[in-house]
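Following: one structure in structure tokens, then a few remarks.
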Amino acid sequence: MEPSLSTEQPTAPTHFIHKIIEEDLAAGKNDGRVHTRFPPEPNGYLHIGHAKSICLNFGLAQEFGGQCNLRFDDTNPVKEEEEFVDSIKEDVKWLGFDWADREFYASDYFGQLYEWAVQLIKAGKAYVEDLSADEIREYRGTLSEPGKNSPHRDRPIKENLNLFEDMKKGKFPDGAKVLRAKIDMASHNMNMRDPVLYRILHAEHHRTGSDWRIYPMYDWAHGQSDSIEGITHSICTLEFEDHRSLYDWCLDALGVYHPRQYEFARLNLTYTVLSKRKLIQLVTEKHVSGWDDPRMPTISGLRRRGFTAAAIRDFCERIGVAKANSTVDLSLLEFCLREELNKTARRVMAVLRPLKVVLTNYPEGQVEDLEAQNNPEDPDAGHRTIPFSRELYIEQEDFMEDPPKKFFRLAPGKEVRLKHAYIIQCQEVIKNNKGEVTELHCTYDPESKSGGPTAGRKVKGTLHWVSVLHAVTAEVRLYDHLFSEIEPDKIEIPESLNPNSLETITDCQLEPSLKDAKPGERFQFLRMGYFIADQKDSKSGAPIFNRTTPLRDTWAKIQKKG
RNA sequence: UGGGGCGUCGUCAAGUGGCUAAGACACAGGAUUUUGAUUCCUGCAUUCGGAGGUUCGAGUCCUCCCGCCCCAGCCA
């Protein structure tokens, strides 16, 4: 391999958070430490938007020689489940990141968080509220009008302490009381109008069981968890920008180590829905087969679809990190995918919609083993042999009885090259009584054998094919966008769905080497696209393939233009 | 109409007062090709949401205006 003389370097990420860290390091902050965290709530599966955050947090730690924790933000027992923490761990690992022994849970800190709440009460900075949720809302005021103080705001510290302890002991029903920070009911920032710190929830927690009757709110748990873990840069999405002053207030009120929060714009993708609400809706209303349906933008869905972790990481690097809301073109993700698959996927031949071809001048009963390169982009991938015989299948769309001018494929009287094999010419079109083409009679040119001494003759088109006698029948699932709208969030779910997002073909004919494809194995079906043997349904000997993405199709574009 | 953010090519996104406003994707041409794939060339913002102003010089500084996003959960 020759060393590359290119001076082009992959553009190093220079986004604003990267710069902040560089500046912090230069200024000697945090003793030169960089410590981030990825803090998912275990109430759903991770999706491509989370991947952006994962790559950012783990990537920054990696680049600066720091560490990144995996921390589950499990402060709401009524929404969170073990199933989700398992899937999250699997997905982060699959993406290629390692949190070593730093797997943490906000629930690990419930004890400390409670003590800190007591400390806050003692400092006169928190009080127990008796008002109902509705009343609290009324007292909060509106965006343009200040709120009013709660009648319980000036409760004596001693009383607050007792009440809070009783809340902890489970003496009150859900919703009866709540602990609030005493900040400023007239603040322009709604989050500072005496935010709720603790609520009563008589619910089983997936980790702490029935130990607790009160659970901290996000704002009380997050910053302190960051503090406990020694996080230096707490990176979150834009909607938490308004929470930053509360994040800072809590840490300052306690006088503990104070990490800094930075916000970036979350990822949006064309033709894709990423909101948790809609993702859950897709699953519960069974518009998809589950969280890992290959059409889902979840990590598990993308994995099953055949995406690679490297392609997703590359994508996350290319989209950049900024504060402007943006919607990335899905074609960029597809580009990253194809770029990698082109280099790595083994080429094979598979006929999705078979049309039989009989080579009338080929000896009956003869079988030739032809040599085929596994991947022209990777000489190390080697070669394999493919059986060739008198009866073959070609793709239905590769034949037209009355073709337009620029159709380079098979038509009556026309010649094409069969990949790795011979040039054939169409002599006769056989039809059934409905007038449908059922079979083609062709002749082959024995002088045109691939790799042979007289193979030089050029024809315009090359087709993939499979020998009838040796073909393996398989199911193939063709996927398209789940949504037909470029901005599916603007429309409600049944209407926004693409009715043709899944097409299952059951009588595909594959070259024999595919018979024992292992679940999870990826291929390029020559001229058709990239496919993966489904990890759930495919079995060695009875393979089922998912189309990851089609190849770029210039011919389709020409046809569209007419 | 309170507060917090954001507006640079179709889409992302560099740019932090001084050469003709990076790069990628997309798109459009062309070359090579036993995948109409890949690869390779070429083109693609006289202009930075708008209007004024400061300056020898502004996407970058100032003023005003316009537009978009987020916040009134005992969700995160």
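The shown structure was predicted, so the numbers you read here are calculated from the model rather than taken from an experiment. Quick note on labels: first sequence line is chain A, next is B, and so on, each numbered from 1.
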- Would you mind classifying the nucleic acid contact of A:G461 as base, sugar-phosphate or nothing, using non-hydrogen atoms under 4.0 angstrom? nothing

Is A:A455 touching bases, backbone alone, or none of the nucleic acid, heavy atoms closer than 4.0 Å? base

Do A:R409 and B:G36 have a side chain to base donor-acceptor pair shorter than 3.5 Å?
-> yes

So salt bridge (charged side-chain N to carboxylate O under 4.0 Å, His left out) across residues 449-463 of chain A, not counting sequence neighbours, yields A:E368-A:K449, A:E415-A:R457, A:D445-A:R457

| said: When you compare the side chains of A:E229 and A:Y109, does any donor N or O come within less than 3.5 Å of an acceptor on the partner? | reply: yes

Those residues at least two apart in sequence (or on a different chain) that pass side chain to side chain contact (heavy atoms under 4.5 Å, CB included) with A:K323 are A:F16, A:L238, A:E241, A:E263

- Assign A:V321 to base, sugar-phosphate, or nothing according to its heavy-atom contacts below 4.0 angstrom with the strands shown. sugar-phosphate

| request: Indicate, with a heavy-atom threshold strictly under 4.0 Å, whether A:Y139 touches base, sugar-phosphate, or nothing. | output: nothing

A:K171 meets the salt bridge (Lys or Arg N to Asp or Glu O under 4.0 Å) criterion, sequence neighbours left out, with A:D166

Residue pairs meeting salt bridge (charged side-chain N to carboxylate O under 4.0 Å, His left out), one or both in residues 139-148 of chain A, sequence neighbours left out, come to none

Sorted by chain and number, sequence neighbours left out, side chain to side chain contact (heavy atoms under 4.5 Å, CB included) with A:D134 holds for A:S132, A:R137

A:R347 near the nucleic acid: base, sugar-phosphate alone, or nothing, with a heavy-atom cut-off under 4.0 Å?
base

Sequence neighbours excluded, the answer for salt bridge (Lys or Arg N to Asp or Glu O under 4.0 Å) partners of A:K177 is A:D130

So A:Q524, base contact, sugar-phosphate only, or nothing? Heavy-atom distance under 4.0 Å.
base

In 5'-to-3' order, the base (B), backbone-only (S) or no-contact (-) status of each nucleotide in nucleotides 70-76 of chain B, using a 4.0 angstrom heavy-atom cut-off, is BBBSBSB

Those residues at least two apart in sequence (or on a different chain) that pass side chain to side chain contact (heavy atoms under 4.5 Å, CB included) with A:S227 are A:L251, A:V256, A:Y257, A:P259

Measuring only the C1' atom in each nucleotide, how far is B:U46 from B:C12? A whole number of Å is fine. 24 Å

Contact string for nucleotides 26-33 of chain B, one letter per nucleotide 5' to 3', B = base within protein heavy-atom range under 4.0 Å, S = sugar-phosphate only, - = neither, reads SSSS----

Side-chain donor or acceptor of A:R417 under 3.5 Å from a matching atom on the base of B:U34? yes

